[in-house]
Amino acid sequence: MGGADTIYDPYTHYALQAARNASTVLAELGINASPDELLQLIAEPPDPRLGDLGLPLFRYARVAGKRPDELARLVAEKHGRRGSLAAEAAGGYVNFRIDTVDLAETVLKLAGRPGYGYNPAEKPLRIVVEHTSANPIHPLHIGHARNTALGDALARILSNRGHWVQTRYYVDDTGRQVAVLAYGYRLLGEPEPPVDAKPDEWLGHIYALTNLLIELRGVRARVAEIEERARRGGEEEAEEYRRLVERQDRLAADIGRLWPRVGKDVFDRLAEAIMGSPRDPEEEIKRIMAAYERGEDWAKRLVGRVVELALKGIRMTLDKLGVRFDKWDYESMLVWSGLVDKVIAEARRSPYYTIYKGAEAIDTSRLARDKEIRRRLGITLGGDIPPLILRRSDGTTLYTTKDIAYTIYKFRDASADKVINVIGGEQRLPQAQVKLALYALGYRREAENLVTYIYEMVTVPGHKMSSRRGRIITLDWLLDQLYARAREEVEERRPDLSEREKDAIAWSMAKAALRYQMVSVAPLRPISFSFEKALSLKENSAPYLLYTYVRARSVLRKAGETPVLRTDKIPDPERRLIWLIAKYPRAAAEAADDLAPEKLANHLVLIADAYNEFYDKYPILREPDESLRSLRLHITLAVSNVVRHGLGLLGIQVVEKI
RNA sequence: GGGCCCGUAGCCUAGCCAGGAUAGGGCGCCGGCCUUCUAAGCCGGAGACCCGGGGUUCGAAUCCCCGCGGGCCCGCCA
């Protein structure tokens, strides 16, 4: 392997030849067009009968003062047959046909190896992919599933492009939410989670319950105030009163749903502690947050405990999905090590330092007025970008401030050229502020190479998700549902298999279905999650791809040794499949360069469709003609390699049996 | 009020950034195909004025402008 002339990407290999040839021919006609420029224009004709590669000549006809069809005819005539390419004119296009034997031998030789699809970029980069980064207060839910699936796939796809990739999980342990959980946990006497409970799930209930009880406490206090005033003949506050009572009812309903999950003991204890506390819970939470940031021992022990418990549960879920991280970064580390203070000190020296609403801030608003800066930072938000406040009045720092420090840290620690943050669309504004602030502080390279990789929401119709209220659909639960459904299906289809095998297949299906659903649609498209769809394995393409792989593998197994490739007969259907296989490495490269895993998924489906159709129509093992049999087996081998490789890039492991 | 994202058949979706030759798939629906390589498959059929209206261009689903519908954000939360 290796060497300058190693072909990784057969499509580009041929397209580049066509572009060079066309450039030469056009030059002979006095028209100047570089091969690179032509390569950009080359696309596939709509009908394969027209050729493999098509070049529109309209714009060159215009500058040369010729009719497009006339120019196309001239170019095709002059080109004729060169190397492995034959040219033909069609309207204003010149179409190229690749010599079939050349194509088959090149592609099938390459695709016969398991590594086919690896397609290194000319300039490999050092890239950090930060993803998932769910707060350590509850289990991962449906929304995180999209983040995790995208981030993990992106990391794999970028590695396949020859980049050095590092994945990181950012543990937000100094935020308010963790302090809320720590507050509730402390009121319970810092117990061990029940042995049969998943720690993140158990903590998630406590977190939600704590939130709800605090809110209820506030509402009740306000209600009491109004009632008291009414008794003394004060002003009518009927409207507010009515709203408060409604809110109280909703809180009671949420609490009612939660308490059976934590058990009576925990519930009673927490309710009593919060509702009856002489101290204001808000003050207690602030105290925990501030003490933790200062690194006081008691707070470190308390918060450290809940964070580790939550992460233990989160890791269990990630392990199930086969997702690993190279680094786990704690936000507290950024604070304690002085990195956050350093950022604030640098901010004070920045010309964009300002006081906003009485707090220290960076005037991102002023900076964002410069259109050129917005463009360079890839900020698509228009309008005003409000100043970024650096610290709360109590001295504690905000998430965004810490994220500035974290971004700098990621670039430094990994010597990264690029940092990708996989993040929900609702965080566009704070992410833009972080970029602008980095720029303001003089971290221009970092600001320009920080990629905010946005995905839009996963919504569940008829279900208003809220982790604060304990209304979440957990990833674990979802996987269990998918597994149960897949298990039924396997049971029905393959009663001959052992329980272990059936289990393994059902789990693979469940994981594949979930990942595939999250990764196969463009990230900016909002997903309306449907259980019916997710649970229906038939409708989902992941099982379909796995099935295609299993079919191909089954043929190969029965064939025994793969015979020597023969290319004396290559009918059209075979050729079409080979051409699709030829384009796979380009699809993988595009998925990497455009950060678009769905492009890879789409191409895999194209190949699977073509193979299934082929499989149904033509015999492979039963083909009497040895030459055709050899060709078809090599195609089968190539398809199995491509599907396995491609699914692997999406984080999906193939199975050998279904 | 301002900003951003999305809008392609009953439903889901590719193509849009880098305009090009009949807008690809899937689900669902109707009708076929298992004594031969795994039917989670295959074949055939019906179903789209690419949200609407202007503009640019030889050419617009794709670019620009004005609207409409849905989502998200505009907090000393994350």
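Only a predicted model underlies this, so the values are computations on that prediction, with no experimental measurement involved. Just so we're on the same page: letters track the sequence lines, and every chain starts at 1.
When the P atom is used for both B:A23 and B:A18, the distance is 24 Å, rounded to whole Å. B:C51 sits 15 Å from B:C17 when the P atoms are compared, rounded to a whole Å. When the P atom is compared between B:C64 and B:G7, the two are found 14 Å apart, to the nearest whole Å. B:U22 and B:C5 are spaced 32 Å apart, taking the C1' atom of each and rounding to whole Å. Comparing the same atom, P, in B:G3 and in B:G75 gives a spacing of 16 Å after rounding to whole Å. Comparing the same atom, P, in B:C66 and in B:G28 gives a spacing of 42 Å after rounding to whole Å. Of the C1' atoms belonging to B:C50 and B:A14, the separation is 12 Å, rounded to the nearest Å. Separating the C1' atom of B:A61 from that of B:A48 is a span of 11 Å, rounded to the nearest Å.
Taking side-chain N and O atoms only, A:R67 has no distance below 4.0 Å to OP1 or OP2 of B:C58. In this structure, A:R392 reaches the B:C77 phosphate: one of its side-chain N or O atoms is under 4.0 Å from OP1 or OP2. OP1 or OP2 of B:G71 has not a single side-chain nitrogen or oxygen of A:R428 nearer than 4.0 Å. A close approach under 4.0 Å does occur between a side-chain nitrogen or oxygen of A:R525 and OP1 or OP2 of B:G7. Considering only side-chain N and O atoms, A:Y455 lies nowhere under 4.0 angstrom from the phosphate OP1 or OP2 of B:C5. Remark: A:K558 is not in phosphate contact with B:C37, judged by side-chain N or O atoms under 4.0 Å from OP1 or OP2.
A salt bridge links A:D341 to A:R391: one of the charged nitrogens lies within less than 4.0 Å of a carboxylate oxygen. Between A:K402 and A:E293 a salt bridge is recorded (basic side-chain N to carboxylate O distance below 4.0 Å). Of the charged side-chain nitrogens involved, none lies within less than 4.0 Å of a carboxylate oxygen, so that A:K286 and A:E282 do not count as a salt-bridged pair. Salt-bridge check for A:D594 with A:K599: passed, with a basic side-chain N closer than 4.0 Å to an acidic carboxylate O. Taking the charged nitrogens against the carboxylate oxygens, A:E456 and A:R428 do have a contact shorter than 4.0 Å, which makes a salt bridge.
Within the nucleic acid shown, A:G91 has no heavy atom closer than 4.0 Å to any nucleic acid atom. The residue A:A522 sits close only to the backbone: its heavy atoms come under 4.0 Å of sugar-phosphate atoms, none of a base. Residue A:N135 is classed as a sugar-phosphate contact, given heavy-atom separations below 4.0 Å to backbone atoms only. Using a 4.0 Å heavy-atom distance criterion, A:V655 is classed as making no nucleic acid contact. Note on A:E37: nothing from the nucleic acid sits closer than 4.0 angstrom, heavy atoms only. At the heavy-atom level, A:P68 lies nowhere under 4.0 Å from the strands shown. When heavy atoms are screened at a 4.0 angstrom cut-off, A:I658 is found touching base atoms of the nucleic acid. At the heavy-atom level, A:E613 lies under 4.0 Å from the strands shown only through sugar-phosphate atoms. Residue-level contact check: A:V555 touches the backbone only, with heavy atoms under 4.0 Å from sugar-phosphate atoms and none from bases. No engagement by A:Y356 is indicated, since no non-hydrogen atom pair under 4.0 Å with the nucleic acid exists.
Rounded to an integer number of Å, the gap from A:E282 CD to B:C77 P is 11 Å. Between A:I527 atom CD1 and B:G7 atom P the separation is 14 Å, expressed in whole Å. Put simply, CZ on A:R622 is 9 Å from P on B:U36, counting in whole angstrom units. Between A:R62 atom CZ and B:C58 atom P the separation is 5 Å, expressed in whole Å. Atom CZ of A:F614 is separated from atom C1' of B:C43 by 16 Å (rounded to the nearest Å). Note: CG (A:N602) to C1' (B:G15) measures 9 Å, nearest angstrom. In this structure, A:K599 atom NZ and B:G15 atom C1' are separated by 9 Å, rounded to whole Å. Rounded to whole angstrom, the span from the CD atom of A:E598 across to the P atom of B:U13 amounts to 12 Å.
In the displayed structure, A:E623 atom CD is contacted under 6.0 Å by more than 12 heavy atoms of other residues, nucleotides or ligands. By the 6.0 Å contact criterion, CZ on A:R49 is open, its count of non-hydrogen atoms from other residues, nucleotides or ligands being 12 or less. Atom CD of A:E37 sits in a crowded spot, with more than 12 heavy atoms from other residues, nucleotides or ligands closer than 6.0 Å.
Projected onto RNA chain B by closest heavy-atom contact, A:L606 and A:Y618 fall at different nucleotides, the more 5' of which corresponds to A:L606. Positionally, the nearest nucleotide of RNA chain B for A:L41 lies more toward the 5' end than for the other of A:M289 and A:L41.
A:Y549 and A:Y547 have their aromatic ring centers separated by at least 6.0 angstrom.
Judged purely by distance below 3.5 Å, without hydrogens or angles, the side chains of A:Y170 and A:D403 never pair a donor atom with an acceptor atom.
A glycosidic torsion no more than 90° from 0 defines the syn conformation; B:C51 lies beyond that range and is anti.
Checking B:C16 for Watson-Crick or G-U wobble geometry (two distances, each under 3.5 Å) identifies no partner in any strand. Judged by Watson-Crick or G-U wobble contacts below 3.5 Å, the nucleotide B:C50 has no partner. Partner assigned to B:C29 is B:G45, using Watson-Crick or G-U wobble distances below 3.5 angstrom. Nucleotide B:G69: paired with B:C6 (Watson-Crick or G-U wobble, both distances less than 3.5 Å). Pair assignment for B:C63 gives B:G55, based on Watson-Crick or G-U wobble hydrogen-bonding distances that are each under 3.5 Å.
With distances taken from any side-chain atom of A:Y399 to the nucleotides B:A21, B:U38, B:A78, the minimum falls on B:A78. Here the nucleotide nearest the side chain of A:P386, chosen from B:C72, B:C74, B:A78, is B:C74. In the set B:A18, B:C43, B:U38, B:A18 carries the atom at the smallest distance from any side-chain atom of A:Q40. The side chain of A:Y544 lies closest to B:G41 when the candidates are B:G41, B:A78, B:U38. Taking the side chain of A:T380 as heavy atoms from C-beta on, and the options B:C5, B:G41, B:A78, the nearest nucleotide is B:C5. Listed nucleotides B:A21, B:C72, B:C42 differ in distance to A:D609; the shortest reach to its side chain belongs to B:C42. For A:I620, taking side-chain heavy atoms from C-beta onward, the closest of the listed nucleotides B:C43, B:C37, B:C5 is B:C37. Each of B:C37, B:G41, B:A18 was ranked by its minimum atom distance to the side chain of A:N612; first place goes to B:G41. Out of B:A78, B:U38, B:C42, the shortest distance to the side chain of A:D172 is found at B:A78. When distances run from any side-chain atom of A:L429 to the nucleotides B:C76, B:C6, B:C73, the shortest one goes to B:C73.
A:N95 contributes a side-chain N or O that forms a donor-acceptor pair with the base of B:A21 under 3.5 Å.
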